[in-house]
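Model, not experiment: these values are computed from the prediction.
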Amino acid sequence: MSPVWRRELRRLTYLLVLAVAAGITLHQPGWSLAAVLAIYVGWQLLQLSRLHRWLQSGQTATLPDSLGIWGAIFSDTRALQLRSQKYQQKLQSVINRIQDSTAALQDAVLMVDSHGNLEWWNQAAQRFLGLKSPVDVGQPITNLIRDPAFKTYFDAADYRDPLTMQSPVNKRMHLQFNITQFGRRDRLLLVHDVTRLKHLEQMRKDFVANVSHELRTPLTVLSGYVETMAMHGDDLPPRWGRMLEQMSEQSLRMEAIIKDLLALSRLETTSTEQPGAVFVQPLLEQICADARALSGQRGHDITLSCDGPEGLLGFGDELRSAFSNLVFNAVKYTPDGGRIEVLWQGDAEHGLLSVRDNGTGIAAHHIPRLTERFYRADPSRSKETGGTGLGLAIVKHVLLRHEATLEIESEVGKGSCFRARFISRRLISQMAPDQRTRAI
């Protein structure tokens, strides 16, 4: 038992003894004892009332002074109050420093609660998104950023990849949104100005497109002269034959590179063309027939199985380019007599095109970079097969335009499997007769 309680019990004992002694003297011990107890209980109630009034005041008033156990309670409460105020001041100081530092950031920072309502933002958010304080506090963020792409991204709650869109207050500004969940589904939004990067990317695209167009004409002229000289090879010195052959091969390779660069440039340009129905089976049958012709004397066993939806909603020429790149790559990098399986399958959620071979395979460290432009897992093999290094980059961009993804599995010495996965809204389970006629 604490000393405070021992003193309080001794005090109560002394009062009771004095009450009994006074009652015996006055020949009224019961009434004397009752009076002392009533006074003691009344004093306790008075202290409780003082404590209750202090609590009701919001703990802003000064705690009263008292004696005995109540004095100790008030003293301990006052010490707790002082410690709490000290911790609150420290916490407020930390919060103020965080707010000052985030306010100084060039990137916008926003805090959104679990219901999607805006709680706090820094000054950069006001410039980027046009937010106004205190009017917008507590408002749903999807009401303040009125963009269908942002609403879809925010509601989907899949924030692994950032979202890039135009600023709602400045259409020339491009913003990148990164969202992180914390606490009980609260969200922290970081918004970065990527306008300069967008401009640089556009300059790069324009440069590639312009250079490709400018190179096309002189290369055509050069190829024509080489072809003309080759036709009159009998009139030229013998050693020139090999030179003309190499010149012809390299000019054809340059033409293929330019063709692929122009294709990439078209894919990167926003198109207003509306997608149409693409009949999958005839498309794959034609590609497999072309692959057998490409294989020629190499004797590849190329099989096709179509068990998926009849059609895809997209662009026929682009899908033909992507699918043929996957199948032709399998032919180029599979040894003579190898097996290549082309499989189209699907269900209610996905459509899946798989191209599997039993070729040489690809080392694991190459796989993440295969869709980069001009990246070659085996440069010597690519030169032998006449590859440009742009085929899988084209596949990647075509699939992105069709809301699809490319999955790659490979093991050295056992072969590779390339899969194009399409989402459900791109699938056409059964095509109408007029759609089939137009799509073939």
I362 and V412 have their tightest heavy-atom pair at C-CG2, 3.8 Å

For L129, the option from V169, L110, N170 that meets side chain to side chain contact (heavy atoms under 4.5 Å, CB included) | L110

Of the non-hydrogen atoms in D107 and A124, which two are nearest, and what is the gap between them?
-> O-CB, 3.5 Å

Taking it one step at a time, do S410 and F418 satisfy side-chain contact (heavy atoms from CB on, under 4.5 Å)?
-> CA-CA 8 Å; S410 187; F418 290 76; over 6 Å; no

Please work out whether the ring planes of F422 and F323 are parallel, tilted or perpendicular, with thresholds of 30° and 60°.
-> perpendicular

Is it true that F150 and F177 have ring centroids separated by less than 6.0 Å?
-> yes

Is T195 reaching over with its side chain to a backbone N or O of H174, donor-acceptor style, under 3.5 angstrom?
-> yes

For the pair D357 (side chain) and S416 (backbone), establish whether a donor and an acceptor sit closer than 3.5 Å, ignoring hydrogens and angles.
-> yes

Reported CG-to-CG distance for the pair L312 and L319, which is rounded to 0.5 angstrom = 6.0 Å

Shortest non-hydrogen pair, S354 vs C417, comes out as CB-SG, 4.4 Å

Taking all non-hydrogen atoms of both residues into account, name the closest pair between R320 and I287 and its distance.
-> O-CD1, 3.9 Å

Separation between CD1 (I145) and CG (L189), nearest 0.5 Å, reads 7.0 Å

For the side chain of D113 and the backbone of D186, is there at least one donor-acceptor N/O pair under 3.5 Å apart?
-> no

H300 side chain to P335 main-chain N or O, any donor-acceptor pair under 3.5 Å?
-> yes

Might you work through the side-chain contact (heavy atoms from CB on, under 4.5 Å) test for V194 and T164, ending with a clear yes or no?
-> CA-CA 8 Å; V194 294; T164 302; 4.0 Å; yes

Kindly indicate whether the side chain of D301, heavy atoms from C-beta on, has any atom under 4.5 Å from the side chain of I340.
-> no

Indicate yes or no for a side-chain donor-acceptor contact from S49 to the backbone of L45 under 3.5 Å, with no hydrogens or angles considered.
-> no

Within the side chain of W344, is there an N or O that forms a donor-acceptor pair under 3.5 Å with the backbone of P309?
-> yes

Charged N-O contact under 4.0 Å between R356 and E409 | no

Could you give the distance from NZ (K171) to CE (M165), rounded to the nearest 0.5 Å?
-> 7.0 Å

Please say which of H365, E372, H366 ends up in a side chain to side chain donor-acceptor pair (under 3.5 Å) with R369.
-> E372

Whether T334 side chain and A330 backbone form a donor-acceptor pair below 3.5 Å | yes

Closest non-hydrogen contact found for V342 with C288 is CG2-SG, 4.0 Å

Got a donor-acceptor contact below 3.5 angstrom from the S167 side chain to the F128 backbone?
-> yes

State whether D290 and R292 are salt-bridged, where the test is any N-O pair (Lys NZ or Arg NE/NH1/NH2 against Asp/Glu carboxylate O) under 4.0 Å.
-> no

More than 12 heavy atoms of other groups within 6.0 Å of N143 CG | yes

Here the gap from F328 atom CZ to S321 atom OG, rounded to the nearest 0.5 Å, amounts to 10.0 Å

Does a side-chain heavy-atom distance below 4.5 Å link L144 with W121?
-> no

Under 3.5 Å donor-acceptor, Y159 side chain and F154 backbone | yes

Verdict with reasoning, V395 to T371, per side-chain contact (heavy atoms from CB on, under 4.5 Å) = CA-CA 8 Å; V395 172; T371 56; over 6 Å; no

Just wondering, do V355 and N329 contact through their side chains at under 4.5 Å, heavy atoms?
-> no

Check: R97 side chain, Q92 main-chain N or O, donor-acceptor pair, under 3.5 Å | no

Could you go through the salt bridge (Lys or Arg N to Asp or Glu O under 4.0 Å) check for K151 and D147 one step at a time?
-> CA-CA 6 Å; K151 178 172 175 57; D147 189 291; over 6 Å; no

Drop me the distance from T405's OG1 to L352's CG, to the nearest 0.5 angstrom.
-> 8.5 Å

Is R187 positioned over the aromatic face of F182, cation under 6.0 angstrom from the ring centre and no more than 45 degrees off axis?
-> no

Distance (rounded to the nearest 0.5 Å) between L343 CG and R419 CZ | 9.5 Å

Evaluate the side-chain contact (heavy atoms from CB on, under 4.5 Å) criterion for residues S84 and L82: first the C-alpha distance (whole Å), next the side-chain angles of each, then the deciding distance (0.1 Å), finally the verdict.
-> CA-CA 5 Å; S84 176; L82 292 175; over 6 Å; no

Audit row: Q85, Q89, side-chain hydrogen bond (donor to acceptor under 3.5 Å, both in side chains) steps and yes/no | CA-CA 6 Å; Q85 290 174 352; Q89 290 173 357; 5.6 Å; no

Taking every heavy atom of A277 against every heavy atom of I428, the minimum-distance pair comes out as CB-CD1, 3.7 Å

Does CD in Q176 sit with more than 12 non-hydrogen atoms of other residues, nucleotides or ligands closer than 6.0 Å?
-> yes

